[in-house]
Number of protein chains: 2
Amino acid sequence: MGKLREDLRQYEGCGLASALEAMGERWSFMILRAAFNGLKHFEEFQSELGIARNILAGRLARLVEHGILERTALDSDRRKIVYALTAKGMDLLPAMVALRQWGDKWCQGASTPVLVDSRDERPIRPVALQSHDGRTLDLAELRWKHAEELLELGRSSENAA
Amino acid sequence: MGKLREDLRQYEGCGLASALEAMGERWSFMILRAAFNGLKHFEEFQSELGIARNILAGRLARLVEHGILERTALDSDRRKIVYALTAKGMDLLPAMVALRQWGDKWCQGASTPVLVDSRDERPIRPVALQSHDGRTLDLAELRWKHAEELLELGRSSENAA
DNA sequence: TCATGTAGGTTGCGAATCACTACTTATCCT
DNA sequence: AGGATAAGTAGTGATTCGCAACCTACATGA
């Protein structure tokens, strides 16, 4: 299978491109969401999302390839394949929730199920950027810094790529 | 032009689907990232990302449609079009950073520019989910709650988020 | 003023991907 | 064995992507 299209990755040393390489295709995030909601089996994903079977098969395979889901056949019934989130997959939760909160806020809101802290049943905070000591940061309070600058704190250079 | 493919949205009252409707296509996030980095013009996006011109035109138009970018012609030179982030677009920053941090962490890491707090030049925290009072929440501490449940609770204690 | 350059697109076309439906394979149940 | 079920594959159009060439409005400057 020769890909003609180039990896997004090569244009940037940026993790965003790598993330999109793994999760950027249509349906990937919806599948992930379903997985977070406890769905485990092919037919469950298929009927929940209404996605075409071949596409679903492709996406699941890709997510497994990228280590986001793990594929196991059940011992009790070897027809049944379990797709389970790995640690890497679970670590996508903040990104997914951030995206979802944005959608709720700006696109006709009113999302039915809401994430709550199971301790007190209160909704979680909006995802935000925070300084090392926990202050919430605004866009104006941020800048890009290159790795070299972090290492050599003595000098200051002025650029953001 | 009739779209045969259905909106992701219809399958879920979920903001995630709406968000993907606006940002889920290839290149959209990379364009957004470039916009956050100060790029404003068609040719700048094109040469920075190496994206095909027609695709870029389509994406920019779509992002404008969705109110994520704003398109303005400069008075000083009316050939020049400025694409600027709107408030809605800027509000995608947490989601983008979360995605990027995930990519940095799990996919061959080492992302060159890093976001820092401009006040003390220290890198920002990893994006995480937090309870209403600021505790960082683990996946095990979360559950989904439906709107009706929240309303029922609200009957005794008068509040809605 | 008219040639020339520039910014921001559009068009045409082949390749790749998506989506819908039907078919297949392996396994379980009785 | 016969039928049902889970998880895919295969075939077929429609849609989108990616590349290069082309187009148009505006700006510049000799």
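Note that this is a predicted model, so its numbers are computed, not measured. Naming convention: chains lettered A, B, ... in sequence-line order (proteins, then strands); numbering from 1 in each chain.
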Assign each of B/A57 and A/R78 to its nearest nucleotide of DNA chain C by heavy atoms, then name whichever residue's nucleotide is nearer the 5' end.
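That would be B/A57.
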
Is A/I81 touching bases, backbone alone, or none of the nucleic acid, heavy atoms closer than 4.0 Å?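 Sugar-phosphate contact only.
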
Could you check how far [atom1] of [X] sits from [atom2] of [N], rounded to whole Å?
{"X": "A/R59", "N": "D/dA7", "atom1": "CZ", "atom2": "C1'", "result": "17 Å"}
{"X": "A/E25", "N": "D/dT16", "atom1": "CD", "atom2": "P", "result": "16 Å"}
{"X": "A/Q46", "N": "C/dC20", "atom1": "CD", "atom2": "P", "result": "10 Å"}
{"X": "A/E44", "N": "D/dA7", "atom1": "CD", "atom2": "P", "result": "8 Å"}
{"X": "B/K80", "N": "D/dT28", "atom1": "NZ", "atom2": "C1'", "result": "13 Å"}
{"X": "A/I55", "N": "D/dT9", "atom1": "CD1", "atom2": "P", "result": "12 Å"}
{"X": "B/D77", "N": "D/dG29", "atom1": "CG", "atom2": "P", "result": "12 Å"}
{"X": "B/L74", "N": "D/dC26", "atom1": "CG", "atom2": "P", "result": "14 Å"}

message = salt bridge (charged side-chain N to carboxylate O under 4.0 Å, His left out), that's the test. Do A/E21 and A/R62 meet it? Break it down for me.
response = CA-CA 10 Å; A/E21 190 66 26; A/R62 190 177 177 80; 3.7 Å; yes

Any side-chain N or O of [X] below 4.0 angstrom from OP1/OP2 of [N]?
{"X": "A/W27", "N": "C/dA19", "result": "yes"}
{"X": "A/Y83", "N": "D/dA6", "result": "no"}
{"X": "B/R53", "N": "D/dC17", "result": "no"}
{"X": "B/R71", "N": "C/dG9", "result": "yes"}

Should the pair [X]-[Y] be classified as a salt bridge under the 4.0 Å nitrogen-to-oxygen rule?
{"X": "B/R33", "Y": "B/E48", "answer": "no"}
{"X": "B/R79", "Y": "B/D77", "answer": "yes"}
{"X": "A/R26", "Y": "B/E25", "answer": "no"}

Closest to side chain of [X], choosing from [options]:
{"X": "B/E43", "options": "D/dA25, C/dA26, C/dG8", "result": "C/dG8"}
{"X": "A/R79", "options": "D/dG8, D/dT5, C/dG8", "result": "D/dT5"}
{"X": "B/N54", "options": "D/dA7, D/dA25, D/dG18", "result": "D/dG18"}
{"X": "B/R26", "options": "D/dG8, D/dC19, D/dC17", "result": "D/dC17"}

Walk me through whether B/E43 and B/R53 qualify under salt bridge (charged side-chain N to carboxylate O under 4.0 Å, His left out).
CA-CA 9 Å; B/E43 307 290 338; B/R53 303 178 70 82; 3.0 Å; yes

